[in-house]
Peer 1: 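Have a look at this one before I ask anything.
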Amino acid sequence: MLTAFARAFRTPDLRKKLLFTLAIIVVYRMGTHIPIPGVDYKAVQQCMDEASANQGLFGLVNMFSGGALLQITIFALGIMPYITASIILQLLTVVIPRLEALKKEGQAGTAKITQYTRYLTVALAILQGTGLVATARSGALFSGCPVASSIVPDQAIFTTITMVICMTAGTAVVMWLGELITDRGIGNGMSILMFISIAATFPSALWAIKKQGTLAGGWIEFGTVILVGLVMVALVVFVEQAQRRIPVQYAKRMIGRRSYGGTSTYIPLKVNQAGVIPVIFASSLLYIPALVAQFAGGKSGWKTWVEQNLTKGDHPIYITMYFLLIVFFAFFYVAISFNPEEVADNMKKYGGFIPGIRAGRPTAEYLSYVLNRITWPGSLYLGLIALVPTMALVGFGASQNFPFGGTSILIIVGVGLETVKQIESQLQQRNYEGFLR
């Protein structure tokens, strides 16, 4: 990896792309520290110092925003509205025939879907910004903080609208910065910004574990966290690179005087076909009862049960439901993102077949069978990785502060591997060694 980056900096055009990407990252990180008008920044910092690391869904969104959410800055919502809009559009593509037709139109259809994603991102930013402002005004953003209700001193309607507009504009700017990286930089811009947001929270989380540690001044706990993180990274790299290659052969066809086909290729089916989406879905869905109970009044039985069982990350019921939801959403997302019948029809149309399997419906059934079998270990792997922050280091009492969580490691490793592959492919294009030297 380091060799690829060193060679890239020696190539003039790649060096310009890397420096441009770094400049956009600096602008993005500056925006995560600029508070929006109408917020008492001293009260926010006091609550940040006293708040626990376990913030539920707020903690998840705060991780994706690089710590900007709980500080209520102009980039407080970060890239999360765009991620949510992209997932919604991807799910609707399977349901709405119009979107499915646009997806099949190629570049023009993809551009149209991207435009819809932008509109939906702005709408979600307005909705999430309103919810964040309302939560901050009520004091529920930092539960237990004595000055939480004074974070927004002026609760006039004009101040509220101004805060929502600032956060919505910040989300639009983040989306624009990501597209600039995609067009003029290296890698996928949205993924790079997500990578930077998560990586930015690592130093403070690691240092918090060191300060809370009791063995050798906290260095034992610190070293254990680093060791566990390295083991997790190696495991994630191993599983993310694992794939089942289904061989495909194409028969020769004569078109005019030319012969086409006759080649052999394969269909790569990844063990973790769903990526990090099931973890995000499970975290969001599991926090909904806790969010409803937080704003519900009274002391009803269901509210007491939710507060006792679904608000603590180390509770057995919470762990069990979290694991089962991840497994369910892994199968659900794979089922809607990979259509074996469509793949089988395309193979049949172009004269392709799997050796030993008849074309058409038997091919679709075989692909579905293989996909279900490799999704099982992939879903169990996702569930185990996601539970590491809860299960690991319980003896040290730092389980909630564990920075190498499943979601963060999956995103960082995935984005890192994809970016390095893009750099290496561009280096190969510019330094290709032909047959004649």
Peer 1: Determine which pairs satisfy side chain to side chain donor-acceptor pair (under 3.5 Å) with at least one residue from residues 327-342, sequence neighbours left out, and list them in order.
Peer 2: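 Output for this query lists Gln90-Tyr333.
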
Peer 1: Side chains of Val133 and Met167: does their closest heavy-atom pair fall under 4.5 Å?
Peer 2: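 Side chain of Val133 against side chain of Met167, heavy atoms only: contact under 4.5 Å found.
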
Peer 1: Start with the C-alpha gap between Ile277 and Phe329, add the side-chain angles, then the distance that decides, and say whether side chain to side chain contact (heavy atoms under 4.5 Å, CB included) holds.
Peer 2: CA-CA 8 Å; Ile277 301 300; Phe329 281 119; over 6 Å; no

Peer 1: Hey, does Val239 have a side-chain heavy atom less than 4.5 Å from the side chain of Lys270?
Peer 2: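 No, too far: nothing below the 4.5 Å cut-off.
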
Peer 1: Can you tell me how far the CG atom of Leu367 sits from the CD1 atom of Ile267, to the nearest 0.5 Å?
Peer 2: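 Reported to 0.5 Å precision, the distance equals 5.0 Å.
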
Peer 1: Can you measure from NZ (Lys17) to CD (Gln422) and round to the nearest 0.5 angstrom?
Peer 2: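 Result: 9.5 Å between the selected atoms.
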
Peer 1: Checking side-chain polar atoms at under 3.5 Å, does Thr21 have a donor or acceptor matched by the opposite partner on Arg184?
Peer 2: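 No, because no side-chain N or O of Thr21 sits under 3.5 Å from a partner of the opposite role on Arg184.
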
Peer 1: Mind checking side chain to side chain contact (heavy atoms under 4.5 Å, CB included) for Leu91 and listing every partner two or more places apart, or none if nothing turns up?
Peer 2: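 If we apply the side chain to side chain contact (heavy atoms under 4.5 Å, CB included) test to Leu91, skipping adjacent residues, the hits are Ile87, Phe281, Phe332, Ile336.
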
Peer 1: With sequence neighbours excluded, what pairs up with Phe338 under the ring-ring contact (aromatic ring centres under 6.0 Å, His included) test?
Peer 2: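 Phe338: no ring-ring contact (aromatic ring centres under 6.0 Å, His included) contacts found.
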
Peer 1: Could I get the full list of side chain to side chain contact (heavy atoms under 4.5 Å, CB included) partners for Ile34, not counting sequence neighbours?
Peer 2: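 Ile34: side chain to side chain contact (heavy atoms under 4.5 Å, CB included) contacts with Ile74.
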
Peer 1: Decide yes or no for Ser379 and Pro278: does some side-chain heavy atom of the first lie under 4.5 Å from some side-chain heavy atom of the second?
Peer 2: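 Ser379 vs Pro278: side chains apart.
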
Peer 1: Compare every heavy atom of Pro377 with every heavy atom of Arg373, then report the nearest pair and how far apart it is.
Peer 2: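 Closest approach of Arg373 to Pro377, heavy atoms only: O-CD, 3.0 Å.
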
Peer 1: For Tyr366, give me all partners under ring-ring contact (aromatic ring centres under 6.0 Å, His included), at least two apart in sequence or on another chain.
Peer 2: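 If we apply the ring-ring contact (aromatic ring centres under 6.0 Å, His included) test to Tyr366, skipping adjacent residues, there are no hits.
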
Peer 1: If the test is side chain to side chain contact (heavy atoms under 4.5 Å, CB included), which one of Leu18, Asp13, Leu19 qualifies with Arg15?
Peer 2: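 So the option named by the test is Leu19.
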
Peer 1: Within the structure provided, determine whether Leu382 and Leu410 are in side-chain contact (heavy-atom separation under 4.5 Å).
Peer 2: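 Yes, side chains in contact.
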
Peer 1: Are any of the side-chain heavy atoms of Thr73 and Ile36 separated by less than 4.5 Å?
Peer 2: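 A side-chain contact under 4.5 Å is absent here.
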
Peer 1: If I compare all heavy atoms of Met163 with all of Gly38, which pair ends up nearest, and what's the gap?
Peer 2: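 Closest approach of Met163 to Gly38: SD-O, 4.3 Å.
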
Peer 1: Could you go step by step and tell me if Val174 and Leu77 meet the side chain to side chain contact (heavy atoms under 4.5 Å, CB included) rule?
Peer 2: CA-CA 9 Å; Val174 169; Leu77 302 179; over 6 Å; no

Peer 1: Check whether any side-chain heavy atom of Met175 sits under 4.5 Å from a side-chain heavy atom of Met190, and report yes or no.
Peer 2: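 SC-SC contact between Met175 and Met190 confirmed.
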
Peer 1: Locate the shortest heavy-atom distance separating Ala359 from Lys348; write the atom from each residue and the value.
Peer 2: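 Looks like CB-CG, 4.3 Å.
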
Peer 1: Identify the heavy atoms of Leu325 and Ala282 that sit nearest to each other, and give their distance.
Peer 2: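 For Leu325 and Ala282, the tightest heavy-atom pair comes out as CB-CB, 3.8 Å.
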
Peer 1: What distance do Thr159 atom OG1 and Arg137 atom CZ have between them, rounded to the nearest 0.5 Å?
Peer 2: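 That separation rounds to 8.5 Å.
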
Peer 1: Please report the closest heavy-atom contact between Ala330 and Ala274, naming both atoms and the distance.
Peer 2: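 Answer, listing the atom of Ala330 first, then Ala274: O-CB, 4.1 Å.
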
Peer 1: How would you list all residue pairs meeting salt bridge (charged side-chain N to carboxylate O under 4.0 Å, His left out) that involve residues 328-339, not counting sequence neighbours?
Peer 2: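 Applying salt bridge (charged side-chain N to carboxylate O under 4.0 Å, His left out) to every pair that reaches into residues 328-339, excluding sequence neighbours, yields nothing.
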
Peer 1: Specify the closest pair of heavy atoms between Ala386 and Val279, including all atoms of both residues, with the distance to one decimal.
Peer 2: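 Closest approach of Ala386 to Val279: CB-CG1, 4.2 Å.
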
Peer 1: Run the side chain to side chain contact (heavy atoms under 4.5 Å, CB included) test on Thr121 and Thr84 for me, step by step, so that the C-alpha distance in whole Å, both residues' side-chain angles and the decisive distance to 0.1 Å come before the verdict.
Peer 2: CA-CA 8 Å; Thr121 299; Thr84 308; over 6 Å; no

Peer 1: Tell me which pairs pass side chain to side chain donor-acceptor pair (under 3.5 Å) where either residue lies in residues 352-363, with sequence neighbours left out.
Peer 2: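 Non-adjacent pairs meeting side chain to side chain donor-acceptor pair (under 3.5 Å): Arg361-Glu365.
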
Peer 1: Mind checking side chain to side chain contact (heavy atoms under 4.5 Å, CB included) for Ala136 and listing every partner two or more places apart, or none if nothing turns up?
Peer 2: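 Ala136 satisfies side chain to side chain contact (heavy atoms under 4.5 Å, CB included) with Ile72, Leu141, Val152 once adjacent residues are dropped.
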
Peer 1: Between the main-chain N or O of Ala85 and the side-chain N or O of Thr117, is there a donor-acceptor pair closer than 3.5 Å?
Peer 2: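 Side chain of Thr117 to backbone of Ala85: no pair is present.
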
Peer 1: Hey, what do you get for CZ (Phe20) to CD1 (Ile181), rounding to the nearest 0.5 Å?
Peer 2: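 These two atoms lie 7.5 Å from each other.
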
Peer 1: Any donor-acceptor pair under 3.5 Å linking the side chain of Thr168 with the backbone of Val164?
Peer 2: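 It does hold such a pair.
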
Peer 1: Supply the atom-to-atom distance Ile357 CD1 to Met347 CE, rounded to the nearest 0.5 angstrom.
Peer 2: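 Interatomic distance, Ile357 CD1 to Met347 CE, rounded to 0.5 Å: 10.0 Å.
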
Peer 1: Kindly state each residue pair satisfying salt bridge (charged side-chain N to carboxylate O under 4.0 Å, His left out) with at least one member in residues 171-183, sequence neighbours excluded.
Peer 2: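 Those involving residues 171-183 are Arg118-Glu179.
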
Peer 1: Can you run down the salt bridge (charged side-chain N to carboxylate O under 4.0 Å, His left out) pairs that involve residues 79-100, sequence neighbours left out, and say none if there aren't any?
Peer 2: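 Listed once each, the pairs are Glu100-Lys104.
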
Peer 1: Under the side chain to side chain contact (heavy atoms under 4.5 Å, CB included) rule, collect the residues that match up with Val173, sequence neighbours excluded.
Peer 2: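 With neighbours one apart ignored, the set is Phe75, Leu177.
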
Peer 1: Step by step, work out the side chain to side chain contact (heavy atoms under 4.5 Å, CB included) result for Val122 and Thr171.
Peer 2: CA-CA 7 Å; Val122 174; Thr171 300; over 6 Å; no

Peer 1: So, Tyr28 and Ser197: side-chain donor and acceptor under 3.5 Å apart, yes or no?
Peer 2: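 Their side chains do contain a donor-acceptor pair, which is all the 3.5 Å distance test asks for.
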
Peer 1: Closer than 3.5 angstrom, by distance alone: can the side chain of Glu418 be matched with the main-chain N or O of Val415 as a donor-acceptor pair?
Peer 2: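 No.
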
Peer 1: Not counting sequence neighbours, which residues clear ring-ring contact (aromatic ring centres under 6.0 Å, His included) with Trp376? List them please.
Peer 2: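 Listed in chain order: Phe331.
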
Peer 1: Check for a donor-acceptor pair, side chain of Ser191 on one end and backbone N or O of Gly187 on the other, with a separation under 3.5 Å.
Peer 2: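 No; zero donor-acceptor contacts below 3.5 Å.
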
Peer 1: Check whether any side-chain heavy atom of Glu240 sits under 4.5 Å from a side-chain heavy atom of Asn272, and report yes or no.
Peer 2: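 Side chain of Glu240 against side chain of Asn272, heavy atoms only: contact under 4.5 Å found.
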
Peer 1: Can you measure from CD1 (Ile113) to CG (Leu92) and round to the nearest 0.5 angstrom?
Peer 2: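 Atom-to-atom, Ile113:CD1 and Leu92:CG are 10.5 Å apart.
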
Peer 1: Going by heavy atoms in the side chains, are Leu269 and Gln243 under 4.5 Å from each other?
Peer 2: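 They are not in contact (no side-chain heavy atoms under 4.5 Å apart), so the answer is no.
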
